[in-house]
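Remarks on the structure that follows.
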Amino acid sequence: MGGGQLYREALPLADECIVTCIELDVPDADTYAPDLTSAPGMKLQDPGVLLSSASGVEYRFQRWVRTESRKTS
């Protein structure tokens, strides 16, 4: 099971997403979460505050919310 695929399949069911954005370049990364900026109905509610870990890596917690009703079957 791939993490990226699971996120893409679950996103239409989510009303809210809390995302940890890590300011770190990982050139050999092979899995990515979906880009919420282009996700239908999702809007950035809180961009978060830039924080720094003990090792110096910067990160922030973002809150995304669904602004449109999602279709249910």
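Just so we're clear, the structure is a prediction, and the values are computed from it rather than from any experiment. Each residue takes its place number in the sequence, starting with 1.
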From Gln62 atom CD to Thr20 atom OG1, the distance as rounded to the nearest 0.5 Å: 9.5 Å
Non-hydrogen side-chain atoms of Val19 and Trp64 separated by less than 4.5 Å: yes
Heavy-atom side-chain contact between Val57 and Ile22 under 4.5 Å: yes
Spacing of CG belonging to Asp15 relative to CE belonging to Met42, to within rounding of 0.5 Å: 8.0 Å
Salt bridge (charged side-chain N to carboxylate O under 4.0 Å, His left out) against Glu16, all qualifying residues, sequence neighbours excluded: Arg63
Min side-chain heavy-atom separation Val65-Cys17 under 4.5 Å: no
Contacts of type side chain to side chain contact (heavy atoms under 4.5 Å, CB included), residue Asp35, not counting sequence neighbours: Thr37, Ser38
Side-chain donor-acceptor distances from residues 43-52 under 3.5 Å, at least two apart:
| from | atom 1 | to | atom 2 | distance (Å) |
| --- | --- | --- | --- | --- |
| Asp46 | OD1 | Gly48 | N | 2.9 |

Side-chain heavy atoms of Cys21 within contact of Tyr59, under 4.5 Å: no
Donor-acceptor under 3.5 Å (Arg8 side chain, Pro34 main chain): no
